[in-house]
Amino acid sequence: MKVRVEVTADRRFSTNSYLVEDEDTHDAVVIDANLEPDLVISIARMRKANVRAILLTHTDLDHIAGLHELREAFGDIPIAVHKSETEVVAKGQPLRREFAPIATQLENVTSLTEAEPYRAGSLEFEVLHTPGHSPGGVTLKIDGYLFTGDALFAGSIGRSDFANSDGQALVDGIKSKLLSLPDDLIVHSGHGPATTIGRERKLNPFLT
Ligand SMILES: [Zn+2]
């Protein structure tokens, strides 16, 4: 299997949405639904990708805002999210006490569970629970790539000043589950540029 990754970012929050595609079968998923889903939709169409699922690293507004448009484009494909945040998407419950809920009530929401692989067509993701920015934060691993959401960024880590954040859990999870992985793994974050595990282990000032 050869995995191809396409990156798009919205202009408002610089939130990344990724198209992850198996180049042999063209099965694909979208990871996170930023505010400009038309960008990832047009890449998927151009590549004639069969988008099989939408995977969410967590459910802050800027990562789920494009869900309705993605569903319109790709049909009623599953939306996979850690079980502690499924109700944000399925029932419109607010993730944060600090912010009002947004109107998301979507069918066909499935759970991601740590150590249970998630399959979408020919793609298979490993699920690592990396909470702390939010309770259901996950990192998705496939081939040589990690999608870390708002847990780990190039040179930084996610916010943990919300009522349901946990800064210690965030750092512990990154150190034990991500920095223990091989140096050359490519890290695609929820915001900003890509990096590698080796680079973050050496240079990330929040993790030394
Ligand atoms: Zn974010």
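We're numbering straight along the sequence, starting at 1. Atoms within a ligand are numbered from 1 in the order they appear, just like the ligands themselves.
Contacts of Thr195 classified as side chain to side chain donor-acceptor pair (under 3.5 Å), with partners at least two apart in sequence or in another chain: Glu200. For the ring pair (Phe, Tyr, Trp, His ring centres under 6.0 Å) test, no residue two or more places apart in sequence or in another chain qualifies with Tyr118.
Taking a cutoff of 4.0 Å between a charged side-chain nitrogen and a carboxylate oxygen, Lys83 and Glu114 do not qualify as a salt bridge. Ion pairing between a basic and an acidic side chain is recognised when a charged N comes within 4.0 Å of a carboxylate O; Asp183 and Arg201 show such pairing.
Listed by first then second residue, pairs satisfying side chain to side chain donor-acceptor pair (under 3.5 Å) with a partner in residues 163-176 read Arg96-Asn164, Gln168-Asp172, not counting sequence neighbours.
Relative ring orientation between His133 and Phe162 is described as perpendicular, the plane-to-plane angle rising above 60° on a 0-90° scale split at 30° and 60°.
If you look at the Zn ion (ligand 1), the protein N, O or S atoms less than 2.8 Å from it are Asp62 OD2, His63 NE2, Asp150 OD2, His191 NE2.
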